[in-house]
Visitor: 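My questions all concern the structure below.
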Amino acid sequence: MKTSTPRPWVTATILLVVLGILILALSGYLQTAATASIQPAISLQKWISSRYLAVYDLITVPKDVAALRLRNAELENEIASLQTLIIEQEQKLEEADVLYALLDFAREKPENEYIAASVIGKDPSPFLHYVIIDHGSDHGLRHGMPVVTQHGLVGRIDAVMANVARVQLITDPSSTINTYLQAASVDALLKGSLTGDISIEMISQDIEIQTGDLVLSSGLGGGYPQDILIGQIVSIRKLETDLFQSASVQPAVDFNNLWAVLVIKNFRPLDITPLQTTPNP
Amino acid sequence: MANLIPIPIFIILVMLQLAIFGNLPLLQGTADIVMLALIAWTMQKGTKYAYIYGFAIGTFVGLISAIPVFIYIGTYTMVVFLARYLQQRIWQMPILAMLALTVLGTFICHLVSILYLQISQIPISFADSFLLVTLPSLLFNIILAVPIYLFAVDLANWLHPNMENE
């Protein structure tokens, strides 16, 4: 008669083995093995994501050649006008540099270093707005580094492993960014939401804002660099009974088609918690 | 050995969830094929160590997500417990049990997530969460429940042919 090991013993043995592995992992002894074992999974994840992207592009790519040519012409005109604007701004910047030097005012102008990364997945929870990118600490990424695209601000790195990182998007409900309204020259607070819509709040009632005003990162709090485009105002909510007015913002980045991002490598967020006042006991 | 083969399948399902199903929202809701696969696999005859699977898969998904790992461990383990409980009571109608567990599992996972986010003072409305996330996710999960269950049945019959003949 074949005797089998009682199931509770088997279960207990398996749990002990798992516990031992967890303790070794937390102690750091399995770091090399963990990295080597995760890398094939990351490669497979990237492959799956790229195949899905190829199918998606095949389905959604527009077929109208004439519309594409017209759009191309419009974009070329826009590029030309923006280049003229850039030249004017560079001239003003040179003048400002001279003034700042005269005032002996040291202003940081970081020459941003970027790391390009591909988006390989989204957070499994539908309540949060996070994406997974295929670069991690081995590539120089650190917690808190801002993430952008050529269009504007995407978010910041929330968690990092050796070869992957998780990015909190600005549309996440827990995301809060100090912003600056360029036209009104006023600071505001940008918040995400469950639906992915972003809005600015804490705008004084006596400030005049208009639809189309650009929203930039202000750099206050040290969480993000200054003057990164976030979006523009599309609707304003101003009630006389409210203490502040608020506005909805159309993000500059299309988060529904986010496949590649740039991480600003040489920006380290500041930790201002030691400067924050604590209430008296 | 047969009880280890589902592990890479679950890992691939997590990857598909991240890369594909996470990018196919209805309103704000998405399908949770990992939970569906866990339910379907737990309901099969001959499957052992279902709670260990729930714990391991919950740990794996929780480490990837911004939701804390203990949330996924708790909800997936609870889903396994309900699957075992209903399997013994509605064993004559497994598809019905699968659909019932899909509904229960979706509500449990989302309710726990909403409660955690509320406790963490993340400003999400319960009503908006239910209408924009939970109900669309439930619709997705119900649509995918039967195909995933049938796939699990075929896989279980392939891995445990003796159980089919009993």
Side-chain angles (χ1 to χ4, degrees), chain A residues 7 10-11 14-15 17-18 21-22 25 34 37-38 40-53 55-56 119-132 158-159 161 164 166-169 171-176 191-197 201 255-259, chain B residues 3 8 11-12 14-35 48-49 51-52 55-56 59-68 71-72 106 109-110 112-114 116-118 120-129 131-134 136-137 140:
Chain A
R7 287 189 63 184
V10 176
T11 304
I14 292 172
L15 284 176
V17 169
V18 169
I21 292 173
L22 280 176
S37 62
I38 289 173
I42 295 170
S43 302
L44 181 59
Q45 177 71 44
K46 287 168 62 174
W47 183 84
I48 292 173
S49 180
S50 64
R51 293 309 97 198
Y52 169 72
L53 180 60
V55 173
Y56 181 82
V119 176
I120 60 173
K122 283 193 172 181
D123 194 292
S125 173
F127 297 98
L128 303 178
H129 297 261
Y130 288 75
V131 294
I132 314 292
D158 172 71
M161 289 181 69
V164 290
R166 188 173 64 217
V167 178
Q168 181 190 31
L169 304 180
T171 55
D172 185 68
S174 63
S175 170
T176 305
K191 291 188 174 181
S193 67
L194 179 69
T195 57
D197 298 326
E201 301 175 0
F255 291 99
N256 293 323
N257 291 300
L258 189 64
W259 302 111
Chain B
N3 289 305
I11 293 174
I12 290 172
V14 171
M15 293 179 184
L16 293 176
Q17 175 71 36
L18 297 178
I20 297 175
F21 291 92
N23 286 313
L24 297 175
L26 175 64
L27 294 178
Q28 301 301 319
T30 57
D32 189 349
I33 61 171
V34 179
M35 183 194 69
K48 298 179 180 178
Y49 316 118
Y51 289 103
I52 296 176
F55 182 86
T59 304
F60 187 51
V61 176
L63 288 174
I64 296 172
S65 174
I67 296 280
I71 297 287
Y72 274 102
T106 304
C109 291
H110 282 219
V112 172
S113 296
I114 292 169
Y116 166 75
L117 293 174
Q118 296 263 352
S120 302
Q121 298 181 340
I122 294 174
I124 61 169
S125 158
F126 187 85
D128 286 344
S129 302
L131 290 174
L132 298 176
V133 181
T134 304
S137 296
F140 264 139

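Heavy-atom basis, side chains included; hydrogens, waters and symmetry copies ignored. Remember, predicted model here, so these are calculated numbers, not experimental data. In the text below, chain A, chain B and the rest are named by the order of the sequence lines, each starting its count at 1.
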Visitor: Is any side-chain heavy atom of A/L194 less than 4.5 Å from a side-chain heavy atom of B/S125?
Guide: no

Visitor: Which atom names give the shortest non-hydrogen contact between B/L26 and B/P136, and what distance separates them?
Guide: O-CB, 3.0 Å

Visitor: So for A/I132, is it side chain, backbone, both, or neither that comes closer than 4.5 Å to the heavy atoms of chain B?
Guide: side chain

Visitor: So for B/I122, is it side chain, backbone, both, or neither that comes closer than 4.5 Å to the heavy atoms of chain A?
Guide: side chain

Visitor: Can you tell me which portion of A/A41 sits under 4.5 Å from chain B's heavy atoms? Options are side chain, backbone, both or neither.
Guide: both

Visitor: Contact part of B/S113 toward chain A, heavy-atom cut-off under 4.5 Å: side chain, backbone, both or neither?
Guide: side chain

Visitor: What part of A/I14 gets within 4.5 angstrom of chain B, counting heavy atoms only: side chain, backbone, both, or neither?
Guide: side chain

Visitor: Looking at chain B, which one of A/P124, A/S49, A/G121, A/A159 has the largest number of heavy-atom pairs inside 4.5 Å, strictly under?
Guide: A/P124

Visitor: Checking A/W47 against chain B: side chain, backbone, both or neither under 4.5 Å from a heavy atom?
Guide: neither

Visitor: Does any part of the side chain of A/P173, heavy atoms only, come nearer than 4.5 Å to the side chain of A/F127, both counted from C-beta?
Guide: no

Visitor: Which atoms of B/T134 come close to chain A, meaning under 4.5 Å heavy atom to heavy atom: side chain ones, backbone ones, both, or neither?
Guide: side chain

Visitor: Considering residues at least two apart in sequence or located in another chain, which fulfil the salt bridge (charged side-chain N to carboxylate O under 4.0 Å, His left out) criterion with A/K122?
Guide: none

Visitor: Out of A/S50, A/G192, A/S174, A/G196, which one racks up the most heavy-atom pairs below 4.5 Å with chain B?
Guide: A/S174

Visitor: For B/Y72, is it the side chain, the backbone, both, or neither that has a heavy atom closer than 4.5 Å to a heavy atom of chain A?
Guide: side chain

Visitor: Side-chain donor-acceptor pair under 3.5 Å between A/T195 and A/D197, yes or no?
Guide: yes

Visitor: Under 4.5 Å from any heavy atom of chain A, what part of B/Q28 do you find: side chain, backbone, both or neither?
Guide: both

Visitor: Using non-hydrogen atoms only, which part of B/S137 is less than 4.5 Å away from chain A: side chain, backbone, both, or neither?
Guide: side chain

Visitor: I need the residue from B/N23, B/T30, B/I64 with the largest number of non-hydrogen atom pairs under 4.5 Å to chain A.
Guide: B/N23

Visitor: So do the side chains of B/L18 and A/I120 get within less than 4.5 Å of each other, counting heavy atoms only?
Guide: no

Visitor: Please find the pair of heavy atoms, one from B/Q17 and one from B/A31, that lie closest to each other, and give the distance.
Guide: NE2-O, 2.7 Å

Visitor: Are the side chains of A/L169 and A/L258 in contact, using a 4.5 Å heavy-atom criterion?
Guide: yes

Visitor: Can you name the nearest heavy-atom pair linking A/S175 to A/Q168, along with the distance?
Guide: N-NE2, 3.8 Å

Visitor: Can you tell which part of B/I124 gets under 4.5 Å to a heavy atom of chain A, answering side chain, backbone, both or neither?
Guide: side chain

Visitor: Side chain, backbone, both or neither: which part of B/I33 has an atom under 4.5 Å from a heavy atom of chain A?
Guide: neither

Visitor: With a 4.5 angstrom heavy-atom cut-off, which part of A/L128 approaches chain B: side chain, backbone, both or neither?
Guide: side chain

Visitor: Select one option (side chain, backbone, both, neither) describing which atoms of B/I67 are under 4.5 Å from chain A's heavy atoms.
Guide: both

Visitor: Would you say that A/Y52 contacts B/L24 through its side chain, given a criterion of any heavy-atom pair below 4.5 Å between the two side chains?
Guide: yes

Visitor: Report yes if some heavy atom in the side chain of B/Y49 is under 4.5 Å from a heavy atom in the side chain of A/V10; otherwise report no.
Guide: yes

